[in-house]
A.B. asks: 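Can you keep this structure in mind? I'll have questions shortly.
As the structure is a prediction and not an experimental result, all values here were calculated from the model. No hydrogens, no waters, no symmetry mates; every other heavy atom, side chains included, goes into these values.
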Amino acid sequence: MPEEKEKGQYPQYPAYPEYQEEEIDLREYLRILLKRRWLIGTIVFIITSIVAIYSFTAEPVYRATCQVLIEKENPKVVNIEDILGVNATGRDYYQTQYEILKSRSLALRVIKALDLEHNPEFMPKPPSLIGSIISWIKGIFSTKGPKGPKNKYDRLIDIYLSHLKIQPIRNSRLVNISFESKDPVLAAKIANMHAKMYIESSIERKFEASKQAIKWLKKRIKEVRKKLEESELALQRYREKEGLASVDFEERQSIILKSLDELNAALNKARTERIEKESLYKELMKVANNPEKIDSLPVVVENPLIQKLKAEYISLVAEYYKMGKKYGPAHPVMVRLRSEINAIKKNIAREVRKIAESIKIEYQIALENEKQILKAMEEKKKEALELNKKQIQYNVLKRQVEVNRSLYESLLKRLKETGVTEDLKVTNITIVDPATVPDKPVRPKKKLNIILSLITSLFLGIFLAFLLEYLDNTVKYPSEVERQFNTPLLGIIARMEFDTGNPNPREFREIVVDSKSHLAESFRTIRTNLSFASPDEERKSFLISSAVPAEGKTLVSANLAASFSQLEKRVLLIDCDLRKPRIHEMFDLEKEGGLSEYLSGNISDGIKMKVVENFPYLRIITSGVIPPNPAELLASKRMKNLLEEMKKEFDIIIMDSAPILSAADSIEIAPLTNGVVMVIKAASTPIPSVKNAIDQVSDVGAKVIGCILNNVDLEKEDYYYSYYRYYHYYYYYYDKEGKKEKKRKRLPI
């Protein structure tokens, strides 16, 4: 059955894509900002007011700055860099100086010099209640052990350092020393005194180093003098022992090295010659038993005598073969030629043996020559090594003398220089720009604070606005219906306020009868959309339901039924909400004798349909007595037969059913209708609930025709619903003569 309905009865709506990339809608952002404008304004007002009050009531703080120059090196009055010099080539030196400027010892010197102990700004202030509580909590949770008692200057130093600021100027040797105080004169005085005490402490450190250097130099001079004397005596004794008084080591070494060079050249030549002879000899030994291979050796082939003999041999062999064609082997000519050929072979063999013997002798001579040269070289090397040993020992002793003498002379020179500069005030630190009394405070910066507070609070308010909007997962606007649920929006219904909370029959009739009201126009729009929902069906049935209770489905069902009846269509309104029925209250009818009694078989003569005054084409079947098993009754065959019979008699059948997520009633009867209309209460119904309800309807083979957005506050969000301009007469009402009167605050309906 559900498949047949999908093919024949259900309307074919345009296909919505499963996914569409959402474009950035600036109007949506503007809507959120306008909606939360009071939240944003409140945050901006509170934060800006607090900052402004603080900025105008806080006591001004002044900052004075003294600029000093820290040079890389000391001024070179005398050459004593090794004693008083400053190794300022790297970053470590400047970082050390910055830390000295922030040191507690330097701060203490300034405090004592200016007697800041008795200055009111440095006097102890009684702790506030909040401060005492915070200190007490920190003491409880502190993991460090108990601190020892502080002396009277520790607190002063902490206060002093909290007001002091050391700021190096990038890519320069300049440093700004700044001090903040509520008294501008005191701030300038402290900044200048801090720079002065820093320079004095630097000079004192150098003076102390100079005194220590003099003391150390005198002690070292005595030690070095003694070592110098001992090293000179040791050198003299070695000369006498080795007889080196008039020996020139460089000249002797030069002679030996020259001899070694010559021997080395001769050795290379002899070794090359030996390698050649050895190679030829080894090659000869390999082919000693093979005369033919011996003949192929280059030394044999290139021998002139052998070449001549081989030429004669070839000539005789050629003549022998030539004569062999004329004469026989025994012919005297042939015998003579063979004899001559054999003689030449013997001569060649004899010459080859001579060559082989000469190769062997030459190889032995070359080998012996190489050994003799090596022996001579070893002797020269031993001589050179002995000379080197003597020279090394001699140089060691001589070097000790020279080092001791150089050190002794250097120490004497440094001692004289240090004594000269002991009373000379030299420093690499100078004051470039002394601090002056500031005429403007640095804090509070009223204008900047207010501007920053405005910007910060504005961004905070906007962030909270978007955060609250993100956390709000209810359906609020018509555009969200199609985007979130992929179903058409049939219409919107403005928020209705009744004098008694729920509409009484008189108020209900004013809604549907008054053709000039915006509510009636809203229901006409929904009626038109539903009429086109199944254009091929002359008789239509709709189930009006919602995801959760209190969405306004009963009011929508009643008004839709009344609106359809005004087209002179035969309309049947069935109250299928057998758990909490309200249709009878809407039309001031008795609920007994209704649907529940008929489905349970308590009515034998047919179900009773009730007539409503002023709606001649409308018939209503009330719920009847609330049964214990509503879902079973609605799923019964009797209910199905009832709907089949009513479709033959009425053009439009509208059924008001229980919320889908609260009970299974709507799911049981949804497949029996042309489709389900979901009523959604604006800014109240969660989006997941509506999606879950739509999924449940789809799971049973029924179709959701569309959604109605109820309880929309047009007065609050009219900027967003500009495309519903025809609702603007909501602010007006017409009298009985059709004249347009001034709008009222709320239309009582």
Side-chain angles (χ1 to χ4, degrees), residues 496 498-513 523 541-546 549-566 569-636 638-643 645-647 649-659 662-663 665-666 668-669 672-673 679 749:
M496 292 179 278
F498 303 101
D499 297 336
T500 58
N502 292 322
N504 56 39
R506 181 188 61 79
E507 291 173 326
F508 171 75
R509 283 193 295 273
E510 287 186 8
I511 295 175
V512 297
V513 173
F523 286 109
S541 59
F542 305 107
L543 176 67
I544 311 298
S545 185
S546 62
E551 299 290 277
K553 61 178 182 60
T554 301
L555 188 62
V556 170
S557 302
N559 280 275
L560 277 178
S563 182
F564 270 112
S565 69
Q566 289 178 340
K569 290 180 178 288
R570 294 171 298 173
V571 181
L572 174 63
L573 175 61
I574 305 176
D575 191 353
C576 296
D577 189 349
L578 303 183
R579 299 175 185 272
K580 192 177 180 181
R582 291 189 57 227
I583 291 293
H584 63 282
E585 297 177 358
M586 197 72 66
F587 291 92
D588 196 17
L589 302 172
E590 295 291 334
K591 69 177 180 178
E592 286 75 12
L595 182 62
S596 62
E597 285 92 343
Y598 174 78
L599 296 178
S600 59
N602 295 332
I603 299 177
S604 58
D605 55 348
I607 192 168
K608 297 179 180 179
M609 292 180 286
K610 298 178 174 58
V611 181
V612 181
E613 184 182 357
N614 297 329
F615 297 98
Y617 293 93
L618 176 63
R619 297 293 181 269
I620 297 175
I621 297 177
T622 59
S623 63
V625 179
I626 297 176
N629 54 344
E632 287 75 6
L633 293 178
L634 294 174
S636 63
R638 195 176 180 87
M639 179 66 185
K640 181 178 179 181
N641 295 334
L642 174 64
L643 288 178
E645 293 176 4
M646 293 298 108
K647 286 180 181 179
E649 184 178 351
F650 292 93
D651 299 320
I652 302 294
I653 299 176
I654 295 176
M655 293 180 285
D656 178 28
S657 181
S662 300
D665 303 5
S666 299
E668 297 292 347
I669 58 177
L672 305 178
T673 64
V679 179
I749 49 179

A.B. asks: Taking the side chain as C-beta and beyond, is there a heavy-atom pair between D575 and L595 under 4.5 Å?
C.D. replies: no

A.B. asks: Going from CE on M655 to CD1 on I621, what distance comes out if it is rounded to the nearest 0.5 angstrom?
C.D. replies: 10.5 Å

A.B. asks: Is the backbone N or O of I544 less than 3.5 Å from a side-chain atom of S657, with the two atoms forming a donor-acceptor pair by type?
C.D. replies: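 Not confirmed, S657 side chain does not pair with I544 backbone.
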
A.B. asks: So, the side chain of E668 versus the backbone of D665: is there a donor-acceptor pair under 3.5 Å, distance only?
C.D. replies: no

A.B. asks: Of all the heavy-atom pairs spanning L573 and A558, show the shortest one and how long it is.
C.D. replies: CD2-CA, 4.0 Å

A.B. asks: Got a second to check how far I652's CD1 is from I654's CD1, nearest 0.5 Å?
C.D. replies: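 Result: 7.0 Å between the selected atoms.
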
A.B. asks: Between L555 and M586, is any pair of side-chain heavy atoms under 4.5 Å apart?
C.D. replies: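 Side chain of L555 against side chain of M586, heavy atoms only: contact under 4.5 Å found.
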
A.B. asks: Could you check whether any side-chain heavy atom of F650 comes within less than 4.5 Å of a side-chain heavy atom of M609, counting everything from C-beta outward?
C.D. replies: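 Yes, side chains in contact.
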
A.B. asks: If you take all heavy atoms of E597 and G624, which pair is closest and at what distance?
C.D. replies: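 That would be OE1-CA, 3.1 Å.
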
A.B. asks: For a salt bridge (Lys or Arg N to Asp or Glu O under 4.0 Å) with D651, tell me which candidate from R619, K569, R570 qualifies.
C.D. replies: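 So the option named by the test is R570.
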
A.B. asks: Could you check whether any side-chain heavy atom of L599 comes within less than 4.5 Å of a side-chain heavy atom of L634, counting everything from C-beta outward?
C.D. replies: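 The answer is yes, as the side chains (C-beta and beyond) meet within the 4.5 Å cut-off.
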
A.B. asks: Give the minimum heavy-atom separation between M639 and C576, together with the two atoms involved.
C.D. replies: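 Closest heavy-atom pair between M639 and C576: CE-SG, 3.9 Å.
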
A.B. asks: So do I574 and L643 actually touch side chain to side chain, heavy atoms under 4.5 Å?
C.D. replies: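 When only atoms from C-beta onward are counted, I574 and L643 do touch, with a gap below 4.5 Å.
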
A.B. asks: Could you check whether the rings of F615 and F587 sit parallel, tilted or perpendicular, using 30° and 60° as the cut-offs?
C.D. replies: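 If you compare the ring of F615 with that of F587, the planes turn out perpendicular.
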
A.B. asks: Can a donor-acceptor pair be found, under 3.5 Å and without considering hydrogens, that links the side chain of S565 to the backbone of A562?
C.D. replies: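 Indeed, once roles are kept as given, a pair shorter than 3.5 Å links the two residues.
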
A.B. asks: Any chance you could measure I669, atom CD1, to S636, atom OG, to the nearest 0.5 Å?
C.D. replies: 10.5 Å

A.B. asks: Using every non-hydrogen atom in the two residues, find where D577 and S623 come nearest and quote the distance to one decimal.
C.D. replies: O-CB, 4.0 Å

A.B. asks: Looking only at heavy atoms, which two atoms of S545 and A658 are closest? And how far apart?
C.D. replies: OG-O, 3.0 Å

A.B. asks: Any side-chain to backbone donor/acceptor pair from S546 onto P659? Under 3.5 Å, distance only.
C.D. replies: no

A.B. asks: Between the main-chain N or O of P630 and the side-chain N or O of R579, is there a donor-acceptor pair closer than 3.5 Å?
C.D. replies: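 Not a single qualifying donor-acceptor pair exists.
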
A.B. asks: Would you call I626 and P581 a side-chain contact if the rule is heavy atoms closer than 4.5 Å?
C.D. replies: yes

A.B. asks: Which atoms form the tightest heavy-atom contact between T673 and S541, and what is the distance?
C.D. replies: CA-OG, 3.3 Å

A.B. asks: Might you confirm whether atom CD of E590 has over 12 heavy atoms from other residues, nucleotides or ligands at distances under 6.0 Å?
C.D. replies: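 Incorrect, the count does not exceed 12.
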
A.B. asks: How would you list, by chain and number, every residue that makes a side chain to side chain donor-acceptor pair (under 3.5 Å) with D656, sequence neighbours excluded?
C.D. replies: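 For D656, the residues satisfying side chain to side chain donor-acceptor pair (under 3.5 Å) (neighbours in sequence not counted) are K553, T554.
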
A.B. asks: Are any of the side-chain heavy atoms of V625 and N602 separated by less than 4.5 Å?
C.D. replies: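 They are not in side-chain contact.
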
A.B. asks: Any non-hydrogen side-chain atom of K608 less than 4.5 Å from a side-chain atom of I603?
C.D. replies: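 No, too far: nothing below the 4.5 Å cut-off.
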
